[in-house]
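Taking it in order: structure first as structure tokens, then the write-up.
All values below come from the heavy atoms of this structure, side chains included, with hydrogens, waters and symmetry mates left out.
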Protein chains: 2
Amino acid sequence: MTVLTGSDVPVRNTNDWSPQPPEQPLAVVRPAGTDDVSAALRICHEAGLAVVPQGGLTGLCGGSRPIADAIALSLERMVGIEEIDADAGTITVLAGTPLAVVQRAADDAGFFFPLDLGARGSCAIGGNLSTNAGGNRVIRYGMAREMTLGLEVVLPDGTVVTSLNKMLKNNAGYDLKHLFIGSEGTLGVITRAVLRMHPKPACTMVAMCALKDYAGVLALLAAARRDLGPLLSAFEVMWPDYWDVATQQVSGVRNPFEGDATTHGAYVLIEALGTDPAIDVPRFGTWLETQLELGHVPNAVVAQSMSDAAALWGVRDACSEFIQAIGPHLPFDVGLPTADMDDYARRCRDDLAARIPGARSMYYGHIGDGNLHLIAWLPGAAEPPKQAIEEVVYGLVREFHGSVSAEHGIGTLKKPWLGHARTPEEIALMRTLKKALDPKGILNPGKVV
Amino acid sequence: MTVLTGSDVPVRNTNDWSPQPPEQPLAVVRPAGTDDVSAALRICHEAGLAVVPQGGLTGLCGGSRPIADAIALSLERMVGIEEIDADAGTITVLAGTPLAVVQRAADDAGFFFPLDLGARGSCAIGGNLSTNAGGNRVIRYGMAREMTLGLEVVLPDGTVVTSLNKMLKNNAGYDLKHLFIGSEGTLGVITRAVLRMHPKPACTMVAMCALKDYAGVLALLAAARRDLGPLLSAFEVMWPDYWDVATQQVSGVRNPFEGDATTHGAYVLIEALGTDPAIDVPRFGTWLETQLELGHVPNAVVAQSMSDAAALWGVRDACSEFIQAIGPHLPFDVGLPTADMDDYARRCRDDLAARIPGARSMYYGHIGDGNLHLIAWLPGAAEPPKQAIEEVVYGLVREFHGSVSAEHGIGTLKKPWLGHARTPEEIALMRTLKKALDPKGILNPGKVV
């Protein structure tokens, strides 16, 4: 076990990707294995010393940001693939392993590990699990939770709980792993995981569709679910405000509907994964032609190559380059019932503009999963008025019975807003769990609840 | 709220389907709604009176069997579909609603609710959730847990926790529903649920395959996963001992390989669900022909009609008629890593015969899910020697790092064997949760942990 203090604390361990200033931890502890994690937690538990678990430090809400006077427990040395079981379709990994390494190992074994997000090269799988990461393919494969079969976890007092289950079905007592998935390191430290791999798709079909309005989007979603069935792997909606910035202001992004002078009401990127190119590629093309003939989709472009597909995804991924296009802005990640998203977007746009003169906002998201992303900014302002924007965004989330975090988690940044999405009874039950598992409150204190 | 005592207690409330004698509860309480459930629990909590939640009473392990001096809280009056949200793909139901009613409502709305089991007409959805029911299509759709988006639950002290989430993605704090799914009514009483519906498949393809040995089964599973991909909805293996009893001793079951004099090593029923009969039916046929040509599958029959498909499923479902064929027997539902199932079956068969002269056993299961069913009996005996059989079956489960219950749960019947599948640390953590949520121990005491 390595312990670094004072000026030996690496800069990387002083913050995550959340927009907050760095914080110096008391020390960075870097265990070499589960026994070290257990020993470190036992010592801290006895001493009443707070501990912040750290993975790849790519979280957006402050879940792994250090706390002054607390130990940062970084799992960066616990890296590796321990086993691939082709018959069970499982991969067993150490928690510090970067997501991209897990993806590659599954691929090398002839399988597919579908969890994917922008930070894939630096985020750790243990962090993906403790934040229950989502991403683009949730509509088909679920969140990180749905890809997890077994876990090894160290409790705050150092107890190692090993549940490295490989079976899809196991009803022998409580399914304990769900306590630790998505609880952002507040109940235990994940050290190992058994993950479910999927068969490798043989072909990827991608299309961009222009639609008249949100009713058309909902109709297209219903048709895609029905006709593409389980092949449907992404259904990404972009409102016109997003589309215009992405295609006109971000360098390297091409408008696939160049020359189309119509003002469209919404844009949808559809992806499907097939098992046989000879069957599934024409099926996808025929399906889309039918949607055009039925009048549901005024315009559409189907990718004819991998580079076409990448270009279409480029419009959707342009959001990561918005800092150049629009300057400082606040990104949100709210959950909403699918049917209400357009009403929410309209209300939010109007309310933001009314509350903050000159404020702008744009909307996009995984609507089939109930997940809307939005970006708000005040052109020309060095910093967007955070409190006022959050009050509008989360106030409407409460009104629409949505969630203040669909995928990024709560951490410290969204903690003030948790009550906008969860009832007092739910929050009280979360506190009961926290108290039962961590009675001294040493694990990631002040985060989530 | 109805309260029935003494001779007014209906016989149906005195037992579930587990092989145990009936038990008279102190009273049967039949709440009309969540408020009644809350009031009943609050009163019992104050009085320190034990409560056994009851749904359709079809459980196989004693989870809802009454306890003397305890209240039976039957949700049988809380029946109904509250909402279908076609855009979100969700159905909101009261916990006492029979599974078949939920299936039918989804179907009427143009959707598919894939959870299915033999007791569908009488089991309640709340019971399906509290036992995390499985069934035949887990390989494609997951367990009851994976179909649940939101829950309303009443805690032992009467607190109502409402988390009727409709979104696939919601990371705002701990995901509390997983505490109550699969914990067999020991942590709270489920009163309402938001369930995820799926698109309705347009066609069903079914085939029965004969294979040389288990290595061939594993190769066929890998090929089915790869080539049928997400269309694969069932992969049911039957060992020859099961096959022979099912096809020769159960009336109404026809051997689809009649006239084939080869001694096969294993049989597999494969089902796939497609979205377009014109594409998916020929795809399935071609795939199977390829397997025959490659020599993986010595013989196969593809269903040409719904009645063909039903006949093939009839062989797999024959197990429910075994009482007529073989007399009294003990059914098991163990979890095992897929690769080890044949070794387990061989060892179990030999060890049972060695330990109990004349004992027989047979094997079948959902191998892709890691779930093996086995049936053990002693021909001619009025009652099979339960303890000796369980020692062999569960002793080997421990040796193979399996689960003593893949889908039926623990209840009271399997409680003595929980330690064969879970570590002392896991069981201690289950007890910590039980104590935190139910400090007075009034909810389903003595069950699971």
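Proximity to chain A is limited to the side chain of B/Thr159, based on heavy atoms less than 4.5 angstrom apart. Only the side chain of B/Thr423 has a heavy atom closer than 4.5 Å to any heavy atom of chain A. Of the atoms belonging to A/Val153, not a single heavy atom falls under 4.5 Å from chain B. Neither the backbone nor the side chain of B/Ala222 comes within less than 4.5 Å of any heavy atom in chain A. When heavy atoms are compared at a cutoff of 4.5 Å, B/Val334 does not approach chain A at all. The part of B/Phe180 that comes within reach of chain A is its side chain, from C-beta onward, which places non-hydrogen atoms under 4.5 angstrom from that chain. In this structure, the portion of B/Arg196 lying under 4.5 Å from any heavy atom of chain A is its side chain and not its backbone. At a 4.5 Å heavy-atom cutoff, B/Ala202 makes no contact with chain A through either its backbone or its side chain. With a 4.5 Å cut-off on non-hydrogen atoms, B/Met143 touches chain A through its side chain but not through its backbone. Of the two parts of B/Ile410, the backbone and the side chain both hold a non-hydrogen atom closer than 4.5 Å to a non-hydrogen atom of chain A.
Put simply, the side chain of B/Asn171 gets close to the backbone of A/Asn132: a donor and an acceptor are under 3.5 Å apart. The backbone N or O of A/Ala339 lies less than 3.5 Å from no partner atom in the side chain of B/Asp87, so there is not a single donor-acceptor pair.
Ranked by heavy-atom pairs under 4.5 Å with chain B, the list A/Asp276, A/Leu429, A/Thr162 is led by A/Leu429. Note: B/Val138 leads B/Leu228, B/Leu221, B/Val138, B/Asp85 in heavy-atom pairs under 4.5 Å with chain A. For the set B/His408, B/Glu146, B/Arg140, B/Lys435, the entry with the most heavy-atom pairs within less than 4.5 Å of chain A is B/Arg140. Highest contact tally toward chain B, considering only A/Thr338, A/Thr432, A/Leu176, A/Leu218, is held by A/Leu176 [criterion: heavy-atom pairs under 4.5 Å]. Interface check for chain B: of the options A/Arg226, A/Glu426, A/Lys166, the most heavy-atom pairs under 4.5 Å are formed by A/Glu426. Chosen from A/Glu407, A/Glu425, A/His420, the residue pairing most often with chain B at heavy-atom distances under 4.5 Å is A/Glu407. With chain B as the partner, the residue from A/Pro230, A/Cys61, A/Gly134, A/Ala436 showing the most heavy-atom pairs under 4.5 Å is A/Pro230. Between chain B and the options A/Asp340, A/Thr131, A/Ile427, A/Ile279, the largest number of non-hydrogen pairs under 4.5 Å is found for A/Ile279. The choice from B/Gly229, B/Gly182, B/Ser163 that makes the most heavy-atom pairs within less than 4.5 Å of chain A is B/Ser163. Chosen from B/Ala421, B/Ala406, B/Ser403, the residue pairing most often with chain A at heavy-atom distances under 4.5 Å is B/Ala406.
A salt bridge links A/Arg283 with B/Asp280; the closest basic N to acidic carboxylate O contact falls under 4.0 Å.
Side-chain contact check for A/Pro337 versus B/Thr90: every heavy-atom pair is 4.5 Å or farther apart. At a threshold of 4.5 Å between non-hydrogen side-chain atoms, the residues A/Asp175 and B/Ile181 do not count as touching. The side-chain heavy atoms of A/Asp227 and B/Pro199, taken from C-beta on, include no pair separated by under 4.5 Å. Contact annotation: the side chain of A/Leu433 approaches that of B/Leu437 to within less than 4.5 Å [non-hydrogen atoms, C-beta and beyond]. Side chains of A/Leu179 and B/Leu179 form a contact here, defined as non-hydrogen atoms less than 4.5 Å apart. Looking at heavy atoms from C-beta onward, B/Arg225 lies out of side-chain contact with A/His198 at the 4.5 angstrom threshold. For the pair B/Lys169 and A/Ser405, the minimum side-chain heavy-atom distance is 4.5 Å or more. Taking the side chain as every heavy atom from C-beta outward, A/Leu187 and B/Tyr174 approach each other to under 4.5 Å.
Annotation: the span from A/Met167 atom CE to B/His401 atom NE2 amounts to 10.5 Å, rounded to 0.5 Å. Taken from CG in A/Leu336 to CG in B/Asn170, the straight-line distance is 10.5 Å, to the nearest 0.5 Å. Between the CG atom of B/Asn371 and the CG atom of A/Leu168 there is a distance of 9.5 Å, given to the nearest 0.5 Å.
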Exercise. Start with the C-alpha distance between A/Lys177 and B/His178, add both sets of side-chain angles, then the distance that settles side-chain contact (heavy atoms from CB on, under 4.5 Å), and finish with yes or no.
Key: CA-CA 9 Å; A/Lys177 63 176 173 275; B/His178 296 293; over 6 Å; no

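In terms of heavy atoms, B/Val404 sits closest to A/Ala172 at CG2-CB, 4.1 Å. Considering every non-hydrogen atom in both B/Gly173 and A/Val448, the closest pair reads CA-CG1, 3.9 Å.
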